[in-house]
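Throughout, residue positions are numbered sequentially from 1 according to the sequence presented. Heavy-atom basis, side chains included; hydrogens, waters and symmetry copies ignored.
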Amino acid sequence: MLIIRNEEPRDYEIVETITRDAFYNLYMPGCTEHYLVGKMRKHEDFIPRLDFVLELDGRVIGYIMYTKSTLTDIRGNVKDILTFGPLCIDREYQRQGFGKLLISHSLKEAEAMGYDTVVILGMPSNYVSSGFVSCRKHNICVEGDKFPAAMLVKELKPGALDGRKWYYADSPVMSVSPEEALAYDNTLPPKERRHTHSQEAFYIMSSAFLE
């Protein structure tokens, strides 16, 4: 039986464990995502209504979390939007469509709440099948008029972005101190921190910008 429901305090420990196991050594030696999920739940930009876990036969195997973020046009008009992440599936169940199910379910709820745009940072190959496109196609950039290759956009309401130039800003909670994250990780059962090929791929993608 497959169930998607809102996260509850009883899920926190398993969500942290899934996160640490899935992200460890993926983008860097060790990871910070398990520290981030704990910070997010306490932050004003966190949206509990869009905090979902996925259960398979009574076992939590994945989750998705959302925070508020903004787009600002050249005249200073601010548009409230959403960003999701972390999105995580237990290693045993990855590449089976469960992440896509969580995205689809949560986007429907986000639209019901009145949101019309979601901007994320991630590997494009993981999200284009869910309707996300390059930020360049919607004229959304970051400070310095740069268009990150890893920044992806989905309009929940067609035409919501109307072609004007927008500057994206995520929630301050997404700025994680590596030192604090490492100190927290050191309180948990030890895992080997090492370099992997996926870290180089992530570095290339996260450092790339579109013309």
Side-chain angles (χ1 to χ4, degrees), residues 1-69 82-103 105-106 120-123 125-127 130 150 170-207:
M1 181 179 294
L2 191 66
I3 297 174
I4 297 176
R5 59 170 175 79
N6 285 114
E7 185 189 40
E8 301 174 7
R10 63 189 171 99
D11 304 312
Y12 292 175
E13 184 175 353
I14 184 60
V15 162
E16 178 175 323
T17 299
I18 290 173
T19 306
R20 191 173 186 236
D21 289 344
F23 284 103
Y24 221 77
N25 298 324
L26 183 63
Y27 299 136
M28 60 179 288
C31 71
T32 61
E33 286 82 0
H34 59 308
Y35 175 69
L36 174 61
V37 296
K39 279 189 62 181
M40 285 175 62
R41 294 189 192 101
K42 304 170 186 175
H43 198 273
E44 62 183 359
D45 290 336
F46 175 61
I47 306 176
R49 185 171 165 182
L50 295 176
D51 177 21
F52 293 105
V53 296
L54 185 150
E55 276 188 4
L56 180 63
D57 297 330
R59 174 187 172 189
V60 173
I61 65 165
Y63 71 92
I64 190 169
M65 303 172 105
Y66 280 75
T67 50
K68 298 174 185 177
S69 51
L82 296 173
T83 297
F84 70 66
L87 162 64
C88 185
I89 302 296
D90 188 299
R91 283 180 180 266
E92 182 181 349
Y93 297 96
Q94 291 180 4
R95 305 299 177 189
Q96 298 180 44
F98 293 119
K100 195 170 182 178
L101 279 176
L102 278 169
I103 292 172
H105 181 89
S106 59
I120 62 171
L121 293 167
M123 297 293 283
S125 58
N126 292 336
Y127 300 106
S130 293
D170 60 13
S171 169
V173 75
M174 304 306 286
S175 296
V176 174
S177 163
E179 293 77 18
E180 290 180 7
L182 178 61
Y184 177 71
D185 191 60
N186 285 336
T187 68
L188 303 174
K191 294 171 73 75
E192 180 187 4
R193 301 181 185 108
R194 54 188 174 85
H195 292 278
T196 63
H197 295 306
S198 63
Q199 293 168 21
E200 183 63 20
F202 173 73
Y203 173 78
I204 293 169
M205 176 56 66
S206 62
S207 303

Would you say the side-chain atoms of [X] pair up with the backbone N or O of [Y], donor to acceptor, closer than 3.5 Å?
X	Y	result
Asp57	Met1	yes
Asn6	Asp51	yes
Asp11	Glu8	yes
Thr83	Thr67	no
Ser206	Tyr203	yes

If I compare all heavy atoms of [X] with all of [Y], which pair ends up nearest, and what's the gap?
X	Y	answer
Leu101	Ile4	O-CD1, 4.0 Å
Ala22	Gln94	CB-NE2, 3.9 Å
Met123	Tyr127	O-CD1, 3.3 Å
Glu192	Asn25	O-ND2, 2.9 Å
His43	Ser171	CE1-OG, 3.6 Å
Thr32	Ala181	CG2-CB, 3.7 Å

With heavy-atom distances below 4.5 Å as the criterion, would you say the side chains of [X] and [Y] are in contact?
X	Y	answer
Leu36	Met65	no
Ile89	Leu102	yes
Cys31	Leu26	no
Tyr27	Ser198	no
Phe46	Val173	no

Evaluate the side-chain contact (heavy atoms from CB on, under 4.5 Å) criterion for residues Met40 and Val176: first the C-alpha distance (whole Å), next the side-chain angles of each, then the deciding distance (0.1 Å), finally the verdict.
-> CA-CA 10 Å; Met40 285 175 62; Val176 174; over 6 Å; no
Test Ser177 against Tyr35 for side-chain hydrogen bond (donor to acceptor under 3.5 Å, both in side chains), laying out the working first.
-> CA-CA 10 Å; Ser177 163; Tyr35 175 69; over 6 Å; no
Using distance alone, with no hydrogens and no angle criterion, decide if Gln199 and Thr196 have a side-chain donor and acceptor under 3.5 Å apart.
-> yes
Nearest 0.5 angstrom please: [X] [atom1] to [Y] [atom2], how far?
X	Y	atom1	atom2	answer
Leu82	Ile47	CG	CD1	4.5 Å
Leu121	Met205	CG	CE	11.5 Å
Leu2	Ile61	CG	CD1	6.5 Å
Thr19	Glu33	OG1	CD	8.0 Å
Leu56	Gln96	CG	CD	8.5 Å
Ile120	Phe84	CD1	CZ	4.0 Å

Run the side-chain contact (heavy atoms from CB on, under 4.5 Å) check on Asp90 and Phe98 step by step: do they pass?
-> CA-CA 10 Å; Asp90 188 299; Phe98 293 119; over 6 Å; no
Worked check of salt bridge (charged side-chain N to carboxylate O under 4.0 Å, His left out) between Glu7 and Arg41 | CA-CA 11 Å; Glu7 185 189 40; Arg41 294 189 192 101; 2.9 Å; yes
Worked verdict on Phe23 versus Met28 for side-chain contact (heavy atoms from CB on, under 4.5 Å) = CA-CA 9 Å; Phe23 284 103; Met28 60 179 288; over 6 Å; no
Neighbour count above 12 (heavy atom, 6.0 Å) for Arg59 CZ = yes
Could Asp185 and Arg20 be called an ion pair, given the rule that one side-chain N must be under 4.0 Å from one carboxylate O?
-> yes
Evaluate the ring planes of Tyr184 and His34, with Trp represented by its six-membered ring, and classify them as parallel (under 30°), tilted (30 to 60°) or perpendicular (over 60°).
-> tilted
